[in-house]
Novice: 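Provided herewith is a single structure, encoded as structure tokens, for subsequent inquiry.
Along the sequence shown, residues are numbered consecutively beginning with 1. Whatever order the structure lists ligands and atoms in, that order sets their numbers, starting from 1.
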Amino acid sequence: MSYPDLAEKIFLHPRPWILSGAGISTESGIADFRGPGGLWERIDPMAYFSVEALNRNPAGFYSLGMEMFDLMDSAYPNEAHMVLGELQQKRLLGPFVTQNIDSLHQKGGAQMVYEVHGHLRTATCIKCRRTIVGFQELSRMVRGGQVPPCCDCGGMLKPDVILFGDSMPDDYNNARSMLNLFKGLEPVVIVLGSSLSVSPINMLPLEFKEMYIINQGATMLDSRAALRIDGRAGESMGLLKEHFIDMNGGQQMECLPAGFLPGLLIRGMDMAAEGLAKAASRKPQIVEEKCLAEGLMVKKAMQAYPRRSCRQPLEEYWLNQVESRAGDLIARCGRGGRVVPLAAASESRLLTLLEDFVRTAVQAAEKYQRQARYEPRVLKELMLQALGAAGLLEYIAENGGLQAHMLKVRILEERIEGLAEASGIELDSAKALEDI
Ligand code: NAD
């Protein structure tokens, strides 16, 4: 297994999710729990970082905890955080789910991060639940001798992190319900720097169609991984980025168009080829005709793809891949130069797949907006991705003369426009639809 394989997976399964653990931050100087030199070798975290320990011995929690928390607060993102943040911003990666409490993904540029074990940015009074102080204030109180630090009501202030024995935060439920939406699209996940031994989050990768693991040392789910790299997170992400730059003719990557989804087009054609292979013994003409029409539709669409002459090399490479897959599909139909009306693709599985993708992207934006805490810039990005996918579907359907799909997609577009209006976000829908 190598980085080119991982890069290919990222394009073939659009916008994989990331699940990260403490191992991704060791290169920023923060010890993990179970790796070599990890905290577990020195102390039993259960004895200090559980709800029970905090109630029994708050001074113990704060005397050991604050040192570690101060270190996390002042840490800088390393190469892994920086590359991952960049790849999410450039639309190669989907949401991040992190077990870490150090905010280093956000400092590395990531915008959509579910912090399933909480974070250190604030602390809340465990009695009145009303007082919330920033981390700097909490740290100042502890350094000034207030151990444990308390609110005016007399309740103890607790950092908004999940201790052993705490219930899971909203981010955990939000991440799960967002993932549930994507189930039908067979999402994949890249796990980085986690031994996958803390439940329930270590079960999350099993909910994806495939998982790829990058970790130094063994994890609990190695036998289930479709791809495994034993390596340091920073170095691995550096090599992955280098590979993308190589593919891009030595240039830094620009942000991909929101509707640039070659993996979906390839999957659609692979599905058609599978259908063809299954039908091979009986050779029903109708299957062949549909596949041929689908191949011809995609080939024609790729040849006239918008802005084809000024694409970055990485995009050009994938458009060529799609075109050549379409050529293979046409060849497999074995019908030589026989003319087949493009309308034979009217029940195209590729268009159904694209339609499912657009619907899911629209629902994802709507679901995100219903979260108690949402960031307008992330919502805007989700809306742009939904409109970009809608634009791709429109382009392919229009190119094949299949108007029926246009009506359904128009209704989905209107939902995004309504969402933009309701949330006060300005969107140039026409421009976003062309961003394919
Ligand atoms: P873990 O300690 O159980 O596992 C970390 C894994 O990462 C180990 O297998 C280790 O060998 C590997 N590793 C160490 N350095 C690496 C590197 N540079 N590149 C790749 N792999 C590396 O961590 P976990 O699975 O996240 O579970 C521990 C729990 O402790 C989590 O709940 C987390 O919230 C918490 N924790 C968080 C932090 C943080 O926020 N930075 C630090 C310590 C612990």
Novice: What atoms in ligand 1 come closer than 4.0 Å to a heavy atom of Gln216?
Specialist: 9 (O), 10 (C), 11 (O), 12 (C), 15 (N), 16 (C), 17 (C), 20 (C), 21 (N), 22 (C)

Novice: For ligand 1, is Met72 a contact, meaning one of its heavy atoms is under 4.0 Å away?
Specialist: yes

Novice: Assign the ring pair Phe208 / Trp17 to parallel, tilted or perpendicular, where the plane angle (0 to 90°) is split at 30° and 60°.
Specialist: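 Answer is perpendicular, since the angle exceeds 60°.
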
Novice: Considering the heavy atoms of Ala31, write down every atom of ligand 1 situated less than 4.0 Å from one of them.
Specialist: 42 (C), 43 (C)

Novice: Using a 4.0 Å heavy-atom threshold (strictly under), name the region of Glu27 that reaches ligand 1: side chain, backbone, both or neither.
Specialist: side chain

Novice: Looking only at distances, please establish whether an N/O atom of ligand 1 is found under 3.5 Å from an N/O atom of Ile214.
Specialist: no

Novice: Have a look at ligand 1 and work out which part of Asn100, if any, has a heavy atom under 4.0 Å from it: side chain, backbone, both or neither.
Specialist: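 Both backbone and side chain of Asn100 come within 4.0 Å of ligand 1.
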
Novice: Hey, looking at atom 32 (O) of ligand 1, which of His117, Glu79, Met220, Gln99 has the closest heavy atom?
Specialist: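 The nearest heavy atom belongs to His117.
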
Novice: Please name the pair of heavy atoms, one in Ile214 and one in Leu6, separated by the smallest distance, quoted to 0.1 Å.
Specialist: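 For Ile214 versus Leu6, the nearest heavy atoms are CD1-CD2, 3.8 Å.
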
Novice: With a heavy-atom distance limit of 4.0 Å, tell me whether Thr26 approaches ligand 1 through its side chain, its backbone, both, or neither.
Specialist: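 It is the side chain that gets close, since no backbone atom is under 4.0 Å.
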
Novice: Between Ile30 and ligand 1, is there a nitrogen or oxygen pair with a distance under 3.5 Å?
Specialist: no

Novice: Going by the closest heavy atom to atom 25 (O) of ligand 1, which one wins out of Gly21, Ser236, Ser194?
Specialist: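 Considering heavy atoms of Gly21, Ser236, Ser194, the nearest to atom 25 (O) of ligand 1 sits in Ser194.
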
Novice: Is a donor from one side chain sitting under 3.5 angstrom from an acceptor on the other, for Thr26 and Asp32?
Specialist: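 Judged by distance alone, the side chains do not pair up.
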
Novice: Is the closest basic N to carboxylate O distance between Asp356 and Arg359 below 4.0 Å?
Specialist: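 Yes, Asp356 and Arg359 are salt-bridged.
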
Novice: Taking the basic N atoms (NZ, or NE/NH1/NH2) and the acidic carboxylate oxygens, is any pair closer than 4.0 Å for Arg410 and Glu394?
Specialist: no

Novice: Which option wins on minimum heavy-atom distance to atom 3 (O) of ligand 1: Ser199, Ser28, Gly29, Ser195?
Specialist: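 Heavy atom nearest to atom 3 (O) of ligand 1 belongs to Ser195.
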
Novice: Contact between ligand 1 and Gly217 is defined here as a heavy atom of the residue under 4.0 Å from a ligand atom; is it met?
Specialist: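 Contact absent.
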
Novice: Just by distance, no angles: are the side chains of Ser177 and Asn180 close enough, under 3.5 Å, to form a donor-acceptor pair?
Specialist: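 Judged by distance alone, the side chains do not pair up.
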
Novice: At under 4.0 Å between heavy atoms, is it the side chain or the backbone of Ser25 that contacts ligand 1, or both, or neither?
Specialist: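 The answer is the side chain.
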
Novice: Indicate, as side chain, backbone, both or neither, the part of Val198 found under 4.0 angstrom from ligand 1 when only non-hydrogen atoms are considered.
Specialist: side chain

Novice: For Glu315 and Tyr305, does a side-chain donor sit closer than 3.5 Å to a side-chain acceptor?
Specialist: no

Novice: Please report whether the ring centroid of His243 lies less than 6.0 Å from that of Tyr3.
Specialist: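 No, the ring centres sit 6.0 Å or more apart.
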
Novice: Using only heavy-atom distances, determine whether the side chains of Gln99 and Ser194 contain a donor-acceptor pair under 3.5 Å.
Specialist: yes

Novice: Counting from 1, what ligand 1 atoms have a heavy atom of Gly231 closer than 4.0 Å?
Specialist: 19 (N), 20 (C)

Novice: For ligand 1, which atoms, with element, lie under 4.0 Å from some heavy atom of Gly193?
Specialist: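 Counting atoms of ligand 1 from 1, those under 4.0 Å from Gly193 are 5 (C), 6 (C), 7 (O), 21 (N).
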
Novice: Hey, does Ala80 sit under 4.0 Å from ligand 1 if you only count heavy atoms?
Specialist: no

Novice: Of all the heavy-atom pairs spanning Asn202 and Ser197, show the shortest one and how long it is.
Specialist: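 So the minimum-distance heavy-atom pair works out to ND2-C, 3.7 Å.
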
Novice: Considering the heavy atoms of Ala22, write down every atom of ligand 1 situated less than 4.0 Å from one of them.
Specialist: 23 (O), 24 (P), 26 (O), 36 (N), 37 (C), 38 (C), 42 (C), 43 (C), 44 (C)

Novice: Do Ile10 and Leu240 have side chains that get closer than 4.5 Å, going by heavy atoms?
Specialist: yes

